[in-house]
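For reference, the structure is listed below as structure tokens.
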Amino acid sequence: MAEKVLEVRRLSVSFDTYAGKVQAVRDISFELKRGETLALVGESGCGKSVTCRSIMGLLAKNAKVEGGEILFENRDLLKLSNSAMRSTRGGKIAMIFQDPMTSLDPTMKIGKQIAETVRLHKPVTRAAAKQRAVELLALVGIEEPEKRYHQYPHEFSGGQRQRIVIAIALAADPQILIADEPTTALDVTMQAQILDLIKEIQKKTGASVIFITHDLGVVANVADRVAVMYAGRIIEIGQADEVFYDPRHPYTWGLLASMPTLTTNDETLYAIPGTPPTLIDPAPGDAFAPRNPWALEADRLAEPPLFPVSDTHFAATWLLDERAPKIDPPESIVLRAQAFRKRQSERSASL
Amino acid sequence: MKRWSKYIGKRLFYMALTLLIIASATFFLMNVLPGTPYNNQDRLTAAQLEMLNKKYGFDQPLFQRYINYLKNILHGDFGISLQFSDQPVATLLSQRMGPSIQLGLQAVLFGTVVGVFLGVIAAMHQNKFLDVFCSLFAITGRSVPNFVVAVLLQLLFAITLNWLPIGLWNEGFRSTILPTLALSISPMAESCRFIRTEMVEVLSSDYIELARAKGMSEIRIAFSHGLRNALIPLITVLGPMTVSLMTGSLVVENIFAVPGIGEQFTKSILSNDYYTIMAVTILFSALLVAVIFLTDILYQIIDPRVRVEGAK
Ligand SMILES: Nc1ncnc2c1ncn2[C@@H]1O[C@H](COP(=O)(O)OP(=O)(O)OP(=O)(O)O)[C@@H](O)[C@H]1O
Ligand code: SF4
Ligand SMILES: [Mg+2]
């Protein structure tokens, strides 16, 4: 089993707002292994970005870390001084943002924006940094990098700009790459190219990737493991196969049922009823209960812990409690599960 | 390149047109000004008046005088000052240009540099003490007229502390300090307010967030990526800033007895020195039009986004 590079333990983050305290992230734990891609999925507002910003030390001014630890290289990132955090951020842990059209400084040559990052984290000369920037441009697939080094962001397309943003993220050879919806703002063909690029880079550099998205199709394409977030909590986490083909949490069922696949058509697409709960003074019990057709009495009283499904697969639903009645997931999910088990057994038989 | 020369040609044409309109308007307005250039007209006999009018060309019909005036201007002849007997206006003004230009440049330079710095500090400490302090300063600077500032400066530094001369232009750089300060208040306040607004917006933009994610320090972010983007639009207020400087200089030069154009202008208005008034008006307008033209060009050179569209 690959070693851990990052471990988030019982992290809670809230925001002070005029309306009250927003509990954006509530008691989440997960770990990231060397070289793997962990996908964070969930509806808008479930706390994916806040989780990543906590790791980067880039939380908004009104944010408060209520508790928990983020362990990286035997240190708690939450306890680092500003300057110590700065050398980690952008150096060993780097981030790719959502909107490439606005993420680059419009008044600075793109080459300089990359070289600047190299020099921030490595004691190299100007010339060496420039050389490195040109290499990075080539690495992310920008043609004629020497010439394009001297151009400004507006001279590039959206996809190219995202490649440049990725080059900036790679400038200091990070061990962890956090990609916060890096393809959401791009059109479909671009999305595929950028995904391929990230996968390729990961193969070359051996970096671990945290990939945020609300597009399960993208997840299926890139992730080794998947964590599903809902209302600030991780409600299911496991190997990608486990979460896709043997989901246990009703919210994951809903997400998967609402995802188009080759075998579904638009009419059978499912939409989860209701809207995400408010994160100010959440009601007791499971936050998903009001939208959950399978909700039990217990759900409205206490929040379920993460029950283990396998060594690597956990889900936070009372349905997994031994006292709970046996409930059948929706048909499409059952079909997936069957297909999954069949494949698993075939695989183990062939071994 | 061709596009550029066409653009510049067009702009120059409109500048000339603007100046012509201003010159004409002032010329005709001057004629409805009450009073005459002679300060003791009552005591002049009709014959003396006629002689003087003839000497200065006031006996010709208005339109004829207008045409003559424009013709002369084209040859660089702005007429004769009525105030200082028979000095050509052009000579008179060129002697006075130096102090005005020096004061103006010093004030713009000092004012914008300090103002930009204060604006950046304010934006970085949004809504905290330093921000409130800078904003208060900017509001005061914009609302207190500069002649009040001028007098207060004289009171404090010349009379009470006796550090600097109260006026006149005879102690070299030391003489320029107080008038420069008085004049710099308005560009300082203007650029402080402007940069603060721009910076607050810039600092919340995505590329600043990316700069933070690179691991850059806040100070470096503010002064490299932040200021870079906030400064470009500042160029657009350089024009209006120059206007307020020039109007400011009219009074401030008087208060400090600086032998500049502004002081000359005030004197000429008080004595109905038509040709000098005209010349100063045209000079100021020409300066203003030129500044606006230059800032437009500068904007295009500096902002890479505008540059390509304009020059390709
Ligand atoms: N600065 C802030 N002040 C107050 N509330 C905030 C702040 N930042 C985030 N939140 C709240 O925290 C919650 C989680 O936000 P987050 O940005 O992590 O969502 P997300 O999962 O990334 O969603 P999306 O898919 O839309 O990006 C949301 O309810 C949001 O309103
Ligand atoms: S704990 Fe209850 S409400 Fe929450 S997901 Fe499971 S069954 Fe639904
Ligand atoms: Mg987000």
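In the text below, chain A, chain B and the rest are named by the order of the sequence lines, each starting its count at 1.
Side chain of B:K214 to backbone of A:A94: no donor-acceptor contact under 3.5 angstrom is found. Although no hydrogens or angles enter the test, the distance criterion places a donor-acceptor pair under 3.5 Å between the side chain of B:R228 and the main chain of A:T107.
To the nearest 0.5 Å, atom CD1 of residue B:I208 and atom OG1 of residue A:T102 are 12.0 Å apart. Of the inter-residue distances, the one linking A:K112 atom NZ with B:S224 atom OG reads 7.5 Å to the nearest 0.5 angstrom.
Using a 4.5 Å cut-off on side-chain heavy atoms (C-beta onward), A:R89 and B:M216 make no contact.
Open room surrounds CD on A:E143; 12 or fewer heavy atoms of other groups in view lie less than 6.0 Å from it. Within 6.0 Å of CD1 on B:I219 lie no more than 12 heavy atoms contributed by other residues, nucleotides or ligands. Around the CG atom of A:D187, the shell of radius 6.0 Å holds more than 12 heavy atoms that belong to other residues, nucleotides or ligands. Within 6.0 Å of CZ in B:F223 there are more than 12 heavy atoms belonging to other residues, nucleotides or ligands.
For a residue to count as touching a neighbouring chain, one of its non-hydrogen atoms must lie under 4.5 Å from one of that chain's; by this rule A:K92 does not touch chain B.
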Expected list for residues 187-194 of chain B: side-chain donor-acceptor pairs under 3.5 angstrom, two or more places apart:
{"unit_1": "B:E190", "atom_1": "OE1", "unit_2": "B:R142", "atom_2": "NH1", "d": "2.6"}
{"unit_1": "B:E190", "atom_1": "OE2", "unit_2": "B:R193", "atom_2": "NH2", "d": "3.3"}
{"unit_1": "B:S191", "atom_1": "OG", "unit_2": "B:P187", "atom_2": "O", "d": "2.7"}
{"unit_1": "B:S191", "atom_1": "OG", "unit_2": "B:M188", "atom_2": "O", "d": "3.3"}

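By the 4.0 Å N-to-carboxylate-O rule, A:R86 lies too far from B:E218 to be salt-bridged with it.
Scanning residues 199-206 of chain B against chain A with a 4.5 Å heavy-atom cutoff picks out B:D206, ordered by number. Applying a 4.5 Å heavy-atom cutoff, the residues of residues 115-140 of chain A that approach chain B are A:E116, A:T117, A:L120, A:H121. Proximity to chain A among residues 112-130 of chain B is not found for any residue, judged by heavy-atom separations below 4.5 angstrom.
Taking both residues in full, the closest heavy atoms of A:S103 and B:L210 are given as O-CD2, 3.1 Å, listed atom of the first, atom of the second, then distance. Across all non-hydrogen atoms, the minimal contact from B:Y207 to A:L104 is CB-C, 3.4 Å.
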